[in-house]
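Have a look at the structure below, then the notes.
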Amino acid sequence: MDLQPGVRAQHIDTDRITMHVLEAGPADGVPVVFVHGNLSTGRFYEHVLTALPPGVRGIAPDMRGFGRSDPAPLDATRGIADWADDVHALVRTLGIDAPPHLVGWSTGGAAIAYYAMERPVASLTLIDPVSPYGYGGTFADGTPCQPDFAGSGGGTANPEVVRRIAEGDASAESPFSIRNVLNAFYFAPTHREPPEREDLLVAEILLTVTGDTNYPGDSVPSDNWPGVAPGTTGILNALSPKYCNWTGIVDVDPKPPVLWTYGSADLVVADDSPLEFGTLGAQGVVPGWPGAAAYPAQPMVAQTREVLERYAAAGGSVRIEEFEGAGHAPMFDAKDKWLAAFKEFLGTTIG
């Protein structure tokens, strides 16, 4: 593996799964664990690991079913707790006794919130996190639009994207090729990674284990619009509001300081995401939409803001950084600004 200078890789056997892990910085440094999102790997943080302050130990694992870690199944009925428990198992195996600093992007944001609801952490950095009420089919207060949470879960994935990932399609021949998905949804339209780095990121995504137990997960038919409801295994079901809920962060005591960073042009986690069925129905892409009163676009950013406002009102420290024009991955398309905000925040939490 051709890694950037200062970054090292190894496989680590925990008491749950074997994880492929990137590290940078001194082994006795302040531990900061970076948890990637859906359809990505720890290498999406590689350029961040090389920019960490002296004395910081950066740790970026591949989560189960992604990258080079075990293709272990994911129990969606626990929400994203399998990921949180895997991170904790890694922390224990590495001999880290002090509460770690956690960084989570997208799905990883929900995972580190789950971690913090069960265990002490030093700080939380959220990067465009999945809503505290999960992904897809909820009203602003988190109640489901349909009683069976139809419109969320494994059946909502585009089957052509899944097929092309399974077949290892690294081309740009189709809008559903992961290379085009990467550039359309991960980054702002104005951003493009250098060709060799883009190739690397595409190759990392193509390591994703596809199927009912990983990506996207299983599904069940529904009599409610849009006709599909969440199953019980795999990552998209784990993110369904039927199972995923990290609003319990408000009640954590003691409360770690939180940095919430997000791109203003994010299309994945947004108040009107074109990947969410409330938006797709309103646009006429999916027929039979019951209307905004019955099935509105999920206000994902507003939901996160409301929960973090309650966290602050309950005594927590919350810093918010919006990056104008950035997409779903501001550590790429607003790299310098994101790194500056993160390092400043980290500096205030480690003294």
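Basis for what follows: all heavy atoms, side chains included, without hydrogens, waters or symmetry-related copies.
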Same cluster (ILVMFWY, side-chain, under 4.5 Å), V209 and M63: no
How long is the span from the CD1 atom in I178 to the CG atom in L39, to the nearest 0.5 Å? 5.5 Å
hydrophobic_cluster_shared for L207 and F66, side chain cutoff 4.5 Å: no
Could you note down all residue pairs passing salt bridge (charged side-chain N to carboxylate O under 4.0 Å, His left out) where residues 300-319 supplies at least one of them, sequence neighbours left out? E306-R310, R319-E321, R319-E344
A side-chain contact here means heavy atoms from C-beta on lying under 4.5 Å apart; do T190 and D333 qualify? no
Determine whether I165 and V268 fall in the same hydrophobic cluster, where Ile, Leu, Val, Met, Phe, Trp and Tyr are linked whenever their side-chain heavy atoms lie under 4.5 Å apart. yes
Start with the C-alpha distance between T125 and H101, add both sets of side-chain angles, then the distance that settles side-chain contact (heavy atoms from CB on, under 4.5 Å), and finish with yes or no. CA-CA 8 Å; T125 297; H101 298 265; over 6 Å; no
List, by chain and number, the other hydrophobic cluster members for W289, where Ile, Leu, Val, Met, Phe, Trp and Tyr join if side-chain heavy atoms come within less than 4.5 Å, directly or indirectly. W225, F277, L280, V285, V286, Y295
Verdict with reasoning, R164 to E173, per salt bridge (charged side-chain N to carboxylate O under 4.0 Å, His left out): CA-CA 11 Å; R164 287 177 177 271; E173 70 176 20; 2.9 Å; yes
Is there a side-chain contact between S123 and L259 (heavy atoms, below 4.5 Å)? no
Under 3.5 Å donor-acceptor, S240 side chain and L236 backbone: no
Out of F185, F187, W105, which one pairs with H328 under the ring-ring contact (aromatic ring centres under 6.0 Å, His included) rule? W105
Would you find a donor on one side and an acceptor on the other, under 3.5 Å apart, between the side chain of K343 and the backbone of L52? no
Counting only N and O atoms by type, is there a donor-acceptor contact under 3.5 Å from the side chain of W246 to the main-chain atoms of G134? no
Contact between I235 and W83 at the side-chain level, heavy atoms closer than 4.5 Å - yes or no? yes
Return yes when atom CD of E118 has more than 12 non-hydrogen atoms of other residues, nucleotides or ligands closer than 6.0 Å, and no otherwise. no
Only residue of V48, L49, V56 satisfying side chain to side chain contact (heavy atoms under 4.5 Å, CB included) with V32 is V56
With sequence neighbours left out, write down each residue that passes side chain to side chain donor-acceptor pair (under 3.5 Å) with T14, or none if nothing qualifies. none
Judged by atom type as modelled, is there a donor-acceptor pair below 3.5 Å linking the side chain of S69 to the main-chain atoms of D62? yes
How would you list, by chain and number, every residue that makes a salt bridge (charged side-chain N to carboxylate O under 4.0 Å, His left out) with D15, sequence neighbours excluded? R92
Sorted by chain and number, sequence neighbours left out, salt bridge (charged side-chain N to carboxylate O under 4.0 Å, His left out) with D86 holds for R16, R64
Give the C-alpha distance, both sets of side-chain angles, the deciding distance and a yes or no for side-chain contact (heavy atoms from CB on, under 4.5 Å) between V33 and H88. CA-CA 10 Å; V33 183; H88 184 52; over 6 Å; no
Give the minimum heavy-atom separation between T304 and S131, together with the two atoms involved. OG1-CA, 3.9 Å
Quick one: closest heavy-atom pair of A84 and A111, and the distance? CB-O, 3.6 Å
State, with a plain yes or no, whether a side-chain heavy atom of T233 is found less than 4.5 Å away from one of P73. no
With heavy-atom distances below 4.5 Å as the criterion, would you say the side chains of V181 and V161 are in contact? yes
What are the two closest heavy atoms between P296 and A294, and how far apart are they? CD-C, 3.8 Å
By the side chain to side chain donor-acceptor pair (under 3.5 Å) test, which pairs, at least two apart or in different chains, include something from residues 41-56? T41-E204, R43-E46, E46-R197
With sequence neighbours excluded, residues passing side chain to side chain donor-acceptor pair (under 3.5 Å) with T261: W338
Can you tell if the side chain of S152 reaches within under 4.5 Å of the side chain of P241, non-hydrogen atoms only? yes
Residues two or more places apart in sequence or in another chain: which of them pass side chain to side chain donor-acceptor pair (under 3.5 Å) with N38? none
Is it the case that one hydrophobic cluster holds both I350 and L102, taking links as side-chain heavy atoms less than 4.5 Å apart, direct or via other members? yes
Say whether, by atom type as modelled, one donor and one acceptor occur between the side chain of Y133 and the main chain of C244 under 3.5 angstrom. no
With a 3.5 Å cut-off and no angle check, do the side chains of D13 and T18 form a donor-acceptor pair? yes
With sequence neighbours left out, the residues meeting salt bridge (charged side-chain N to carboxylate O under 4.0 Å, His left out) with R57 are E23
Value rounded to 0.5 Å, distance of CG in L94 from CD1 in I12: 4.5 Å
Please check if the side chain of E276 supplies one atom and the backbone of G278 the other of a donor-acceptor pair under 3.5 Å. yes
Worked check of side-chain contact (heavy atoms from CB on, under 4.5 Å) between V121 and I112: CA-CA 9 Å; V121 301; I112 67 171; over 6 Å; no
Non-neighbouring partners of S273 that pass side chain to side chain donor-acceptor pair (under 3.5 Å), sequence neighbours left out: Y135
Do D85 and R119 have side-chain heavy atoms sitting under 4.5 Å apart? yes
Has S264 got a side-chain atom pairing as donor or acceptor with G325's backbone, closer than 3.5 angstrom? yes
The residue among T232, D75, D218 that forms side-chain hydrogen bond (donor to acceptor under 3.5 Å, both in side chains) with N237 is D218
Separation between OG1 (T247) and CD1 (I249), nearest 0.5 Å, reads 9.5 Å
Heavy-atom pair of closest approach, residues G263 and D128: N-OD2, 3.2 Å
How far apart are the C-alpha atoms of Y262 and I320, what are their side-chain angles, what is the distance that settles it, and do they pass the side-chain contact (heavy atoms from CB on, under 4.5 Å) test? CA-CA 8 Å; Y262 65 98; I320 301 172; 3.9 Å; yes
Once the angle between the rings of F44 and F332 is folded into 0 to 90°, is it parallel (under 30°), tilted (30 to 60°) or perpendicular (over 60°)? perpendicular
Nearest heavy-atom neighbours spanning P226 and A150: CD-C, 3.9 Å
Do the side chain of Q298 and the main chain of G136 share a donor and acceptor less than 3.5 angstrom apart? yes
Would you find a donor on one side and an acceptor on the other, under 3.5 Å apart, between the side chain of R68 and the backbone of V21? no
What are the two closest non-hydrogen atoms of V252 and P256, and how far apart are they? CG1-CD, 4.1 Å
Closer than 3.5 angstrom, by distance alone: can the side chain of N214 be matched with the main-chain N or O of G234 as a donor-acceptor pair? no
If hydrophobic clusters are built by linking Ile, Leu, Val, Met, Phe, Trp and Tyr wherever their side-chain heavy atoms come under 4.5 Å apart, do Y243 and V269 end up in the same one? no
V228: hydrophobic cluster co-members (side-chain, 4.5 Å): none
Residues passing the side-chain contact (heavy atoms from CB on, under 4.5 Å) test with A172, sequence neighbours excluded, are R179, N180
